[in-house]
Structure formats: C-alpha cells, structure tokens
There are 2 protein chains.
Amino acid sequence: MNETHDPHLECWVRSAHAADTDFPIQNLPFGIFRRSHSDDEPRAGVAIGDQILDVTTWLSEGLFDGAAAEAAARCALPTLNALMALGNEAASSLRRGIVGLLRSDGIGYENFKRLGDACLTPMKGAQLYAPVQIGDYTDFYASVYHATNVGSMFRPDNPLLPNYKFVPIGYHGRASSIVVSGTDIVRPSGQTKDSKSETPSFGSTRMLDYESELGIFVGRGNSLGAPISIQRAPDHIFGFCLVNDWSARDIQAWEYQPLGPFLAKNFATSVSPWVITSEAIEPFRAPAFVRPAADPTPLSYLDAPTDREKGSIQLFLEVWLQSGMMREQNIPATKLSRTAFGSMYWTPAQLLTHHASNGCNLRTGDLLGSGTISGESKTERGCLLELTWKGAEPLLLPTGEERRFLEDGDEVIMRGYCEREGYARIGFGDCGGMVLPSKEI
Amino acid sequence: MNETHDPHLECWVRSAHAADTDFPIQNLPFGIFRRSHSDDEPRAGVAIGDQILDVTTWLSEGLFDGAAAEAAARCALPTLNALMALGNEAASSLRRGIVGLLRSDGIGYENFKRLGDACLTPMKGAQLYAPVQIGDYTDFYASVYHATNVGSMFRPDNPLLPNYKFVPIGYHGRASSIVVSGTDIVRPSGQTKDSKSETPSFGSTRMLDYESELGIFVGRGNSLGAPISIQRAPDHIFGFCLVNDWSARDIQAWEYQPLGPFLAKNFATSVSPWVITSEAIEPFRAPAFVRPAADPTPLSYLDAPTDREKGSIQLFLEVWLQSGMMREQNIPATKLSRTAFGSMYWTPAQLLTHHASNGCNLRTGDLLGSGTISGESKTERGCLLELTWKGAEPLLLPTGEERRFLEDGDEVIMRGYCEREGYARIGFGDCGGMVLPSKEI
C-alpha cells in the first residue's frame with residue numbers, strides 16, 4: 001500500500017482525526033489561500049483537518065528535499081498551474097514530503113511549535129481562491145440517467161438520442177465566469193418565451209437551477225494534433241473538484257437549438273476550492289459503469305481493460321439547500337439529493353481521451369465537468385429540473401416553503417466524499433453559492 | 001475627418017501606396033512579430049505596406065509622447081492584450097503618433113535612415129504570431145443565409161428555427177486550438193456514422209470544411225454580473241480579424257445533438273495575424289441589415305438607432321483555394337466565393353451586448369466569431385458545405401480536380417477588405433492554412 005493511503009497513519013494535527021473531517025492526512029488536497037487581514041499574496045496550501053499547511057513556509061525552512069522541494073517551489077504562486085504542469089509524479093513526491101512532516105512521528109510538530117501560524121493557519125482565518133487558472137472549460141453529459149430524464153421532458157418520444165451510447169457528449173463552457181465556492185451568484189436575465197406567448201421577452205430567469213458535477217483538472221497537456229490514448233489518460237488527470245454548473249432553464253429552452261446551451265450557463269460556474277489529487281483518489285477507483293447487455297461496446301479508442309476495471313470512482317455527491325427564511329429561522333441546510341458517481345456512463349479517462357481524439361490540445365489547468373450526476377432513483381437526481389420534474393413536483397422545505405427552482409436568498413451547497421471499507425474517508429470540502437436578485441441591464 | 005482616415009495622406013513607405021496593399025497608412029493594424037533569424041522576443045508591430053513598424057524601437061528613440069507613449073510601452077510584450085486593455089482611446093493616440101512618424105512630411109523618415117531595419121522590417125523577413133492571448137472564444141451564427149442554407153440541408157421542413165430572428169445564436173468554442181494564419185491543419189479523426197451503417201466508426205474525417213468568418217476582439221472587458229448596453233458596446237470592441245473556423249461535417253452531424261458542435265470544430269481555428277482597429281474600420285461603418293418587413297424588431301436591449309444606422313461594416317470577404325496539384329503545376333489559387341459582411345442579420349455590437357446580457361464577463365482579448373458569412377447568391381457562400389450543397393454539387397478546380405470537401409494538400413486562403421468611395425481601401429492580410437494528412441491515434 002502507498003504510504004499516503006495508510007488508514008492507520010496518525011497525524012499531529014488533531015482536527016485531521018475528527019470523524020467528520022474532509023481532510024485527513026490521507027487526503028492532502030491543494031488549494032490557493034491567503035491569511036485574512038494579512039499582506040500575503042495568494043499562494044498554494046494543503047488542507048489538513050481544519051488547517052491549511054503553507055507549503056512555501058515549510059520549503060523556506062528547508063524541510064523538503066529533491067523532487068518534493070522542486071514541486072514545493074511551484075507553490076509560491078497564485079494558481080496551481082505551475083505545480084500541475086510538473087505532472088502527477090511531482091505532486092506525489094510533494095505529498096509524501098508533507099506526510100513526513102504531518103505524521104505523528106515526523107519532525108513537523110517541532111517546527112510548528114516554533115513557526116506557528118506561519119506554517120499552519122486555521123481555515124476559518126483564511127481566504128480561499130479559485131485554485132487553478134482555467135484556460136478552457138468543457139462540460140460533458142456523462143450521466144445516462146440525467147440525459148434520459150432531461151430528454152424525456154423535452155423529447156418524450158425520443159429521450160436518449162442515438163449517439164448517446166457511442167459518443168461522450170460534451171460542449172464548451174465559459175472559463176471567464178468560473179468562480180470559487182462562496183461567491184454569490186447574481187440571478188441572470190435573458191430571453192425567454194413561454195408557450196402562451198407569440199414572442200419572447202427579456203427579463204430575469206424564473207427557472208434558476210444548479211447542476212451537481214465532478215470537475216476533472218488536466219495536469220500535463222498534449223500538443224495540438226496529438227491525441228491521448230485511453231491507456232495514458234490517467235497520467236494527464238491531475239485531480240478533481242466539485243462543480244456547480246448554474247443553469248437558467250427557461251433561457252436554455254429558448255436559446256439552445258441548434259448550437260447548444262450558451263447564456264443559460266455562462267453567467268457563473270462554481271468550483272470547490274480544493275483540488276483532490278489523483279493519488280488521493282486512487283484507493284477509491286472503482287469499475288466503470290456496467291453497461292446493460294443490449295448496449296453497444298465502446299469503440300476501441302474509448303475501451304481499455306484497465307479503464308473498465310478501475311476507471312470510475314467510489315464517490316458520493318450530495319446537494320444541500322438553505323433558503324433565506326431557513327437562515328433567518330436558524331434552520332440548517334436540508335439535503336436534496338445523494339448520488340454515486342459510479343453510475344456515470346463514461347469514466348473520466350474516456351471523457352479526456354474522447355476530448356483529445358481529434359487532436360484537440362488540452363492544456364494544464366483545463367477543467368472538464370462530468371455533467372450533472374444523477375442516479376436511477378428520484379433521490380439521486382443532481383438538479384432541480386429533474387428533482388421537481390420541471391417544476392411539476394415541487395420540493396417542500398422545512399419552513400413549509402416550496403421550491404420548483406431557486407429563489408433569491410437560496411444557498412446551494414454541494415458536498416462530495418469517497419468512502420471504502422479499510423480506507424480513511426476523504427472529502428472535497430463544500431462548493432457553495434448564494435443566489436442574489438438580478439440587476440437591471 | 002479624423003486625420004488617420006484622410007485618403008490623401010501620404011507616407012514615406014512606398015509600398016504603402018501600392019494599389020493592392022492591404023496596409024496603407026489609413027489602416028495601421030497591430031500584430032505580434034519577430035525578425036526571423038534574430039534573438040528578438042516576439043513583440044507588437046504595426047503593418048505598413050510590406051513592412052512592419054517596430055513600436056518598441058520608436059518608443060525607445062523617444063518618438064512618442066503622452067498617451068501615445070503610454071500605449072507604446074505596452075508593445076514590448078508577446079501579445080496585444082496589455083495594449084487592448086487600455087481601451088480604444090489609447091490605441092487611437094498611438095495610431096496618431098504613428099501617422100505622425102510615417103507621413104511624408106513627418107520626422108520618421110530621418111530616423112528610419114538612421115535606424116533602418118531596427119525600426120521598420122520587411123514582412124517577408126519576419127515571423128508573425130497569434131496577436132492576442134484569447135481567454136474565451138465564442139462563435140456566433142449571425143448570417144441568416146448561412147443558417148437557412150444549413151438548416152434546409154438538415155431540417156428541410158424547418159430550416160430556420162423559431163428563435164433565430166430573436167436570439168443572436170452563439171456557442172462557446174475552443175481557445176486552446178486557435179492558431180495563426182500559416183499554421184498547417186492536421187486532418188482530424190473522430191466518430192462518424194453514415195446512413196447505411198448501424199453503428200458509428202472512428203477514422204479520419206471525409207468532410208473537412210472551412211468557414212469564413214469575421215473575428216471581433218474584446219478590448220475593455222466587463223465585470224461578472226454587469227451587462228454592456230448596446231450603446232456602449234462599441235467601446236468594448238478593440239478590433240477585427242479574419243477567422244477560419246475549420247469544421248469536420250461528418251463528425252458534426254453525428255455528435256452535435258443535443259449540445260452543439262464540439263470535436264467537429266475544436267481541432268483548429270485559424271486567425272489572421274493583424275488586428276484591424278475599430279478606428280481604422282470607422283469610415284466603413286454601414287447600416288445594419290435591413291430586416292424584411294415581416295421580421296420582428298429586435299428586443300429593446302439589442303436595438304439602438306446608432307447601431308441600426310452604423311452598426312455593420314462595408315467589408316468584403318473572399319475565400320481562395322490552391323490544391324496540391326495546382327501548387328505543383330504553378331497554378332495560382334482560385335477564388336471560391338466573395339461575400340459582403342453587410343448581409344449579416346446581427347451587428348458586432350448586438351453580438352457583444354447579447355453575450356454580456358446575462359452578466360457574463362467578457363475579458364480583454366476574448367474573440368467573438370461572427371459565424372460563417374454567407375450572402376443570398378450562390379457565389380456568396382462562406383463554406384464548402386453550402387457551396388457544394390453537402391457535396392452534391394462539386395466545384396471544378398482549374399486542374400480538372402473536383403472538390404466536395406477539402407483534400408490533403410489543399411490550402412485555403414481567406415481575404416477581407418473594406419472599400420468605400422472617397423476612402424483608402426484597407427485590407428486584413430491573408431488568413432491561410434494547409435491541410436495535412438491525419439495522424440494515427
């Protein structure tokens with residue numbers, strides 16, 4: 001077993017042993033932070049319990065060697081891109097170095113007593129930033145349950161299009177409007193047309209929705225014209241985050257034909273602040289979705305025994321909601337859904353390989369969204385469009401309020417975690433955002 | 001009249017007076033260049049006749065003052081973004097300064113005699129680069145003739161969808177694979193399915209096409225959540241280039257539903273190397289497309305008297321092709337089409353305002369493609385899909401070869417120019433690319 005996966009590994013940061021922490025020593029995700037009320041520039045840190053380890057400080061104290069030191073030297077920057085560009089082996093060296101510092105029998109604690117807050121800072125005293133400069137953002141549509149549900153609302157006779165089981169359907173999203181968890185979301189305006197009107201009108205969306213997705217960050221890229229085989233795809237995946245692909249369903253319905261979603265999606269996309277590395281995810285790799293016997297085998301460029309055996313992830317995603325009224329009444333957020341990523345029709349490697357199969361160049365820091373993660377049952381639906389069946393079946397909140405779509409003041413919080421017998425549970429940290437009223441154009 | 005538009009302005013660079021030059025003193029577009037066989041870093045220059053003016057050299061000689069000097073100081077960089085971020089007034093100051101140096105009665109010639117190649121270098125001795133670092137690339141679909149032609153091939157009963165005359169239809173493209181004119185294009189592979197087969201197969205595209213478009217570069221951006229009114233849109237448009245949105249029609253047909261084109265487009269997009277400023281275009285502003293009486297009026301956020309009167313551009317676009325056999329036989333490229341940009345259903349300002357109408361933030365350097373520019377007649381069709389009507393009506397080349405779609409070795413060259421009585425003709429420079437055979441995955 002890789003030392004960094006050892007569930008018995010003990011750590012001198014007490015909060016890393018809390019039962020509900022997302023960040024035990026087996027996780028060690030990377031993010032970009034700054035101590036609040038300090039003159040620090042944003043730089044890379046590693047989440048441990050309720051603390052952030054400042055890689056740059058530990059490096060300047062001479063506590064990393066060799067490849068770990070080389071990787072740590074990329075951590076004094078305001079994005080993770082330079083670290084990610086080094087590839088997964090470099091991140092792995094740095095993680096081993098950090099484990100050496102944080103483990104109970106390591107030398108880190110002595111240094112912490114000396115350096116204090118300069119090397120380990122409480123999360124609640126820090127500001128987190130978008131961890132990666134994202135060049136291109138691509139959004140896939142990899143849940144067959146989501147595609148079937150949405151398709152059956154818009155095309156009852158023909159819910160799943162003939163290409164779905166052959167092509168990992170995806171489209172390009174907007175990189176400029178990707179924001180980090182905690183950023184408020186202004187309700188967008190746009191053209192909508194209801195079935196009763198002859199012509200569309202311009203105004204605030206009345207069908208604001210979230211979409212719960214997994215984000216896949218590209219580490220090493222590929223050159224233009226040079227595809228990535230399915231066997232090599234894992235080498236190009238640096239890590240993962242949670243994604244909320246906010247959507248305005250009424251704008252989407254009117255604009256999306258024939259070229260796909262545009263303004264219905266590009267007003268904001270939230271990402272969680274911590275990048276969970278491929279190495280931390282490794283113990284939770286799981287078999288790809290088992291296709292029903294009647295389904296076609298993937299074309300050979302998307303098919304590899306290694307990917308079939310360990311291409312997916314034993315990962316669970318939850319969506320929570322707290323309305324403004326709930327907040328006023330001190331009622332905690334309520335859980336709307338819980339889904340398993342393992343139900344996705346395509347694996348991360350298949351998405352990445354398909355993306356580069358025409359020679360399209362992926363660059364370090366590019367983000368691939370999985371598409372809304374929905375499972376077979378009603379409680380596993382990853383957006384309100386599905387949960388309320390386009391508003392026909394409203395949800396009841398603890399205050400007695402109903403929800404068809406999001407209202408101003410609603411806060412949506414996404415959570416994700418990997419669990420497996422014999423391993424420490426690791427989590428992603430929250431991906432949250434609150435809806436603000438729209439502005440006048 | 002703005003001095004920089006004066007058609008009688010004379011210039012000491014002789015080639016700027018050639019009848020067929022794209023770059024008279026009234027144009028002065030910005031690009032990024034490097035003297036071939038030099039140790040220079042790529043930096044900004046201005047095209048004049050068959051020469052490139054090295055802004056940085058003239059600045060270091062103290063030949064720019066005030067706002068012009070401030071703008072010139074942004075020209076020592078490998079992209080135009082820093083200059084563009086200053087806004088159109090700054091570029092205008094710099095252009096006036098350059099006119100002062102290049103005009104026959106100006107002080108530039110004395111300096112040129114002294115500095116020679118260091119201040120003015122022949123284009124043929126220089127390498128040109130992609131002029132702008134493009135954060136996000138959006139492709140529109142603003143030609144009603146193109147939309148109708150393509151629609152009638154794929155949906156004969158319903159060529160133009162009900163949203164077309166209300167919504168400036170657009171979608172996100174891929175920024176990473178944008179290349180500068182002169183870059184070879186590797187024929188992409190992908191999934192295709194012909195009507196005779198039950199299942200798709202993976203292989204080289206057999207329907208490779210070009211699309212002739214105008215590119216619109218964003219200068220000053222807007223903040224997330226802050227739309228741009230149609231009245232202010234021109235302030236955010238720094239300039240224009242030519243765009244070839246290479247397309248694989250067989251991949252597109254199979255993959256594009258329901259989320260739009262993806263791998264059919266993102267393997268390469270070519271841009272011309274010179275950015276023609278909004279100021280240089282100003283004399284050629286033209287009324288927006290006159291909508292037939294039966295067409296709806298644009299919704300108010302897309303409608304302004306100034307835009308109706310001067311929102312379009314009197315600009316003509318040509319596509320030329322030279323096959324490998326033509327090259328071997330020394331037969332020059334043959335013209336496939338000539339189109340007027342004025343036939344576009346939406347103006348650049350409408351595209352930009354629509355894009356930001358939901359609060360989407362546009363950033364300095366973002367590229368908006370107009371979509372394929374096709375006119376009403378057959379000779380005005382801006383892609384082979386339309387010109388050969390999906391391959392049914394092949395073109396005959398001077399060698400006797402037929403073309404339904406592009407073959408390996410074909411070079412596609414796009415040209416564009418603005419012409420108007422009483423003004424000097426200004427051109428865009430070529431946007432070319434040659435098709436190379438596909439590679440194995």
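Keep in mind that the numbers below use all heavy atoms, side chains included, and drop hydrogens, waters and symmetry copies. A note on names: the letters A, B, ... follow the listed sequences, proteins ahead of strands, and every chain is numbered from 1. What you see is a predicted model; the values in this text were computed from it and never measured.
Between A/N358 and B/S189 there is no side-chain heavy-atom pair separated by less than 4.5 Å. Residues B/F166 and A/P200 form a side-chain contact, since some pair of their non-hydrogen atoms from C-beta on lies under 4.5 Å apart. At least one side-chain heavy atom of A/Y141 sits less than 4.5 Å from a side-chain heavy atom of B/P258. Counting heavy atoms from C-beta outward, B/H355 and A/N266 have side chains that approach closer than 4.5 Å.
Annotation: maximal heavy-atom pairing with chain A below 4.5 Å, among B/A147, B/A226, B/A175, B/G190, occurs at B/A175. Ranked by heavy-atom pairs shorter than 4.5 Å toward chain A, the options B/V167, B/N361, B/D366 are led by B/N361. Of the listed residues (B/G221, B/A264, B/G173, B/G135), the greatest number of heavy-atom pairs within a distance under 4.5 Å of chain A belongs to B/G173. Per-residue counts of heavy-atom pairs under 4.5 Å with chain A were compared for B/G151, B/G170, B/P188, B/S176; the largest is that of B/S176. Note on A/I169, A/V186, A/L436: by heavy-atom pairs under 4.5 Å with chain B, the leading option is A/I169.
Both the backbone and the side chain of A/L259 come within less than 4.5 Å of a heavy atom of chain B. A/T138 touches chain B through its side chain: at least one heavy atom from C-beta onward sits under 4.5 Å away, while N, CA, C and O do not. With a threshold of 4.5 angstrom between heavy atoms, A/I230 does not approach chain B through any atom at all. In this structure, chain B has a heavy atom under 4.5 Å from the side chain of A/L299, while its backbone stays farther away. Using a 4.5 Å cut-off between heavy atoms, B/L362 touches chain A through backbone and side chain atoms alike. With a threshold of 4.5 angstrom between heavy atoms, B/L160 does not approach chain A through any atom at all. For a residue to count as touching a neighbouring chain, one of its non-hydrogen atoms must lie under 4.5 Å from one of that chain's; by this rule B/V179 touches chain A with the side chain only.
Evaluation of the side chain to side chain contact (heavy atoms under 4.5 Å, CB included) rule for B/D303 yields B/T297, B/P298, B/R308 as partners, not counting sequence neighbours.
A/G225 and B/K439 make their closest contact through O-CD, 3.6 Å (heavy atoms, listed as atom of the first residue, atom of the second, distance). Nearest approach of A/P162 to B/W254, heavy atoms of both residues: O-CH2, 3.5 Å. The two residues B/R363 and A/R174 have their closest heavy-atom pair at N-NH2, 4.3 Å.
Within 6.0 Å of the CD atom in B/Q133, the count of heavy atoms belonging to other residues, nucleotides or ligands does not exceed 12.
For the salt bridge (charged side-chain N to carboxylate O under 4.0 Å, His left out) condition, no pair includes a residue of residues 147-160 of chain B, sequence neighbours left out.
The CG atom of A/D136 sits 8.0 Å away from the CD1 atom of B/I178 when rounded to the nearest 0.5 Å. The structure places CD of A/Q191 at 6.0 Å from NE2 of B/H354, a figure rounded to the nearest 0.5 Å.
Taking the six-membered ring for Trp and the full ring otherwise, B/F262 and A/F140 have centroids separated by under 6.0 Å.
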